[in-house]
Student: 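Here it is, the structure in full.
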Amino acid sequence: MIQLENLLVQMWADYCKINPEAKRVFDVLTAEGEQILNDHIALRTFNHPRLGISSLSKHFMDLGYEIADQEYVFTEKKLFAKHFMPPNESLPKIFISELELEKVSPFVRESVNKLIDQLDSSVIESASFAMSGRPWDLSYELYSQLAKESEYASWVAAFGFRPNHFTVSINNLKKYSDIKTLNSFLKSKGFILNSFGGEIKGTPEEHLEQSSTMASEIAVSFSDGTHKIPGCYYEFAKRYPQADGKLYQGFIAKSADKIFESTNQLK
Ligand code: NI
């Protein structure tokens, strides 16, 4: 039986392997004496009958996670999302989104359905499904065609099932517990932040402020050659207490909508 902490450590290792920049952010903060706790880990999938949010969340619920009652809708990106609360506060929440295939073009839907036809059920059933990577053959040509309509679809097609981002809990930092100070520090170290809709998404009044790096390009092998494409990004979240004094634990669709663009190609 897989242990939750082991799974999360392995997911972090997998994420750092394909996203060395996240490890560099982690290292520069650690060098400042910070101890990093993750606020959440984000996963992406398609709402195909064999997949969907539940195909990923199942494995976390088996390990003690509980579904939260909030739902998030991203009309323009044709996404739906839910989040899951960990069995103890020091562990990250899991945020899972899915592309609504009935809303995309027939081309994207049929292309994605064909990829999923290559997916063996044993992969979906495996306790390490959330870090299993890309389970299908994919050409760079198809990747590029998908990206024209949905950067989200092309990201999942290229990377499969693995963390899209980890998120540093700013509340847990000491020197950098203010998001502006943290952003300035990261920029001074040469990291590029996502500025779609402003560097800081959300406000204290909304109980959540977020920022993120832009995903750097990494070399990915496709059936027709190796190409550099945007990989994963690292996110930062600061939570504020609600009227009841407890820290807000949900997400804000309007902010997440812009954060999703951290994996867009920089034009
Ligand atoms: Ni996030």
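Counting starts at 1 for both ligands and their atoms, following the listed order.
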Student: Please find the pair of heavy atoms, one from Ala81 and one from Phe95, that lie closest to each other, and give the distance.
Tutor: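 Looking at all heavy atoms of both residues, the shortest contact is CB-CZ, 3.5 Å.
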Student: Cut-off 3.5 Å, side chains only: do Tyr240 and Glu209 have a donor facing an acceptor?
Tutor: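 The criterion, which ignores hydrogens and geometry beyond distance, is satisfied for Glu209 and Tyr240.
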Student: I'd like to check the side chain to side chain contact (heavy atoms under 4.5 Å, CB included) partners of Thr167; sequence neighbours left out, ordered by chain and number.
Tutor: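 Partners of Thr167 by the side chain to side chain contact (heavy atoms under 4.5 Å, CB included) criterion, ordered by chain and then number, come out as Asp39, His40, His165, Glu235, Ala237.
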Student: Other residues, nucleotides and ligands only: do more than 12 of their heavy atoms fall within 6.0 Å of CD on Glu206?
Tutor: yes
Student: Quick test of your reading: applying side-chain hydrogen bond (donor to acceptor under 3.5 Å, both in side chains), list the pairs with at least one residue in residues 20-36, sequence neighbours left out, ordered by first then second residue.
Tutor: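 Sorted result for residues 20-36: Lys23-Asp27, Glu32-Lys175, Glu32-Tyr176.
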Student: Salt bridge (charged side-chain N to carboxylate O under 4.0 Å, His left out) with Glu66: which residues, sequence neighbours excluded?
Tutor: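 With neighbours one apart ignored, the set is empty.
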Student: Below 2.8 Å of the Ni ion (ligand 1), tally up the protein N/O/S atoms for me.
Tutor: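 Excluding waters, the total comes to 4.
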